[in-house]
Amino acid sequence: MQEPRKGLEMARLIVGRKRFFVGAVIVALAVALTVGLAVARSQEGAALPELAPAELLAKVAQEAPKSDVVNGDVAWTNELLGAASLLVPGGEGGLGSLLQSGSGRFWYQEGKFRFESQGPRGDMVAVVNGQSAWVYSSESGTATEYALPAISSGGGDGEGATGDPIGAVDLPQKIQSIVDMLAPDATLTVTTDTVAGRDSYVLTMTPTATNTVVGSVQAAFDGTTFLPLRVQVFAKGDAQPVLEAGFTKVSYDRASDDMFAFTPPADATVEHSTLAAPGGMLEKVTGAVGHTSEEGAVEGDPAARELAKQHAELTLDEAVARAGFGLAVPSDPPLAFQGAMVIDARDVPDATGAPDALGSAAVLRYGEGFGTVVVIETKIADAQWTQATAALAQVPLLGTPSAFGGHQVYQLSTKLGSLVAWRQGDVVVLLGGSVSRADLETFAASISE
């Protein structure tokens, strides 16, 4: 039985090198929490020194990567679909249980990783150590060993352990400039609390968009190590989080090396597989994002320069010309057009490294901040659409299309946003946003013929 590839590729990225897990998490949270933040300040709860939002983010980026060891009890809650989550297919490898609520244990130590989950669909164990990974599911009774691709990284394992771990002496000023530049989209407050038994800072991001269904995003950071301990996402008007994941108990004590060894149960079906790096996509993206000159031109890899050029903001006319097909656009959009980009299928290889069968995809943005509606369009042949609708029919949440605007429309509504998809001529149109279903349908009506 073949295990899902995407989750394991992500696990590889998380634990590929010493301290990479904490560094990757910190970067992800820093980016997410600085997208449209306005500086605000509020301190209460645990006895910690006051920090402004930008100061806290700088501390997180500077201090958290220094931690090589973290472990503890973890738990997660997923109420995104409410009772409808029971209709989500379980999938292979026990990964389906992660889509619902559950609990488990987590260990990270000097590039080694172990995760154990206990959920309603069975238990799962994932262990990554060196160049291989094991995933075991009690639901399927299968243990799969994956040979992992090498991920290139500058410097040796010992680099970055002291001093400035990310090589940015002016990091506080950079973070403050991001906070100030994106302030109109959300407000950010800093409070303190006790999380997983630790005095912690809690950043709360509250969107300013009036049309979003997202109420706030909260992230808790250990007040001493500045490691992320918990993330919560609230729907507007809800007192309980829709999504929550984090430690309920945390420790920074070293674990035995035996913790990162795995022996399949005697009655397990053992399989072996290899994960291929997706065609150098990681290097392209990191090159395009991380290596720019003062003039903004991407240095180094020509492929990275080309990728950055393709992903630059475009007008509608430029997007049509680059996509190579006519775009379905709103006749009278309820939200203002903000920009577009076109992604070539050659830049989105599948897990085997081969480009996707579809052509270019145009991505159009309307609205601002958390009230943005994203329109994704790609040209598709009749046979491909037949295959796609057959696959959608197997998903209970999407399997019954409804008539809307003269089209058969597939819809998915959650507490934090909605999706609408249909085929218009030979173009598939997908709309999504953290807005209500009614607002998204209004937008879709302005596009459909």
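Side chains are part of it too, since the values below use all heavy atoms of this structure and drop only hydrogens, waters and symmetry mates. Since we're looking at a predicted model, the values are computed, not measured.
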Is there a side-chain contact (heavy atoms from CB on, under 4.5 Å) between Lys236 and Asp238? Walk through the geometry before answering.
CA-CA 6 Å; Lys236 188 174 291 185; Asp238 283 1; over 6 Å; no
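- Closest approach of Phe234 and Pro241 over heavy atoms only: CE2-N, 3.4 Å.
- Not one N or O on the side chain of Ser413 forms a donor-acceptor pair closer than 3.5 Å with the backbone of Ser418.
- Taking the six-membered ring for Trp and the full ring otherwise, the centers of Tyr366 and Phe443 sit less than 6.0 Å from each other.
- No side-chain heavy atom of Val420 sits less than 4.5 Å from a side-chain heavy atom of Leu430.
- In this structure, Glu79 and Lys415 approach most closely via the heavy-atom pair O-CD, 3.4 Å.
- Listed for the Asp193 side chain is no donor-acceptor partner under 3.5 Å among the backbone atoms of Ser200.
- Here the side chains of Leu229 and Phe221 are not in contact, with every heavy-atom distance at 4.5 Å or above.
- Rounded to the nearest 0.5 angstrom, Trp76 CH2 and Ser103 OG are separated by 6.0 Å.
- With hydrogens and angles disregarded, no donor-acceptor distance shorter than 3.5 Å links the side chain of Arg114 to the backbone of Phe262.
- Side chain of Thr212 to backbone of Ala209: no donor-acceptor contact under 3.5 angstrom is found.
- Proximity of Leu364 to Glu377: side-chain heavy atoms (C-beta onward) are separated by under 4.5 Å at one or more points.
- A salt bridge does not link Glu110 to Lys112: none of the charged side-chain nitrogens sits closer than 4.0 Å to a carboxylate oxygen.
- The shortest distance between side-chain heavy atoms of Phe115 and Met124 falls below 4.5 Å.
- Contact check for Ser67 versus Phe226: no side-chain heavy atoms found under the 4.5 Å cut-off.
- Distance check: Tyr146 OH to Thr144 OG1 gives 4.5 Å after rounding to the nearest 0.5 Å.
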Under the criterion side-chain contact (heavy atoms from CB on, under 4.5 Å), I'd like the reasoning laid out for Thr204 against Val217: C-alpha separation, chi angles, the key distance, then a yes or no.
CA-CA 6 Å; Thr204 299; Val217 179; over 6 Å; no
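- In this structure a side-chain-to-backbone donor-acceptor pair under 3.5 Å is missing from Thr194 to Gly197.
- Residues Thr208 and Thr206 are not in side-chain contact: their nearest non-hydrogen atoms beyond the backbone lie 4.5 Å or more apart.
- Scanning both residues, Leu440 and Leu431, for their nearest heavy atoms gives CD2-O, 3.9 Å.
- Heavy-atom contacts from other residues, nucleotides or ligands closer than 6.0 Å to NZ of Lys59 number 12 or fewer.
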Walk me through whether Val213 and Val435 qualify under side-chain contact (heavy atoms from CB on, under 4.5 Å).
CA-CA 5 Å; Val213 293; Val435 299; 5.6 Å; no
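- In this structure, the side chain of Gln109 engages the main chain of Ala255 through a donor-acceptor pair within 3.5 Å.
- Considering all non-hydrogen atoms of both residues, Thr378 and Ser360 come closest at OG1-O, 3.0 Å.
- Going from atom CZ of Arg437 over to atom CG of Leu412 covers 9.5 Å, rounded to the nearest 0.5 Å.
- Using a 3.5 Å distance cut-off with no hydrogens or angles, the side chains of Tyr108 and Asp68 do not pair a donor with an acceptor.
- Separation of atoms CG (Asp222) and OH (Tyr201) is listed at 10.5 Å; rounding is to 0.5 Å.
- Within the 4.5 Å cutoff, the side chain of Gln338 has heavy atoms near those of the Glu368 side chain.
- Of the possible donor and acceptor atoms, none in the side chain of Ser132 sits under 3.5 Å from a partner among the backbone N and O of Ala147.
- Counting only distance, with no hydrogens or angles, the side chain of Ser137 and the backbone of Glu139 share a donor-acceptor pair below 3.5 Å.
- Looking at every heavy atom in both residues, Leu80 comes nearest to Asn78 through N-OD1, 3.0 Å.
- Looking at every heavy atom in both residues, Leu335 comes nearest to Gly367 through CB-N, 3.7 Å.
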Go through it in stages, so that I can follow the logic: the residues are Thr142 and Glu271, the test is side-chain contact (heavy atoms from CB on, under 4.5 Å), and I'd like the CA-CA distance, side-chain angles, deciding distance and then a yes or no.
CA-CA 7 Å; Thr142 301; Glu271 298 180 347; 4.0 Å; yes
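- Looking at Ser434, its side chain never comes within 3.5 Å of a backbone N or O of Phe370 through a donor-acceptor pair.
- Side-chain contact between Asn71 and Arg105: present, with at least one pair of heavy atoms (C-beta onward) separated by less than 4.5 Å.
- Expressed to the nearest 0.5 Å, how far NE2 of His272 lies from CH2 of Trp134 amounts to 5.0 Å.
- Atom CG of Asp185 sits about 9.5 Å away from atom CE of Met205, to the nearest 0.5 Å.
- In this structure, the side chain of Asp73 does not engage the main chain of Thr248 through any donor-acceptor pair within 3.5 Å.
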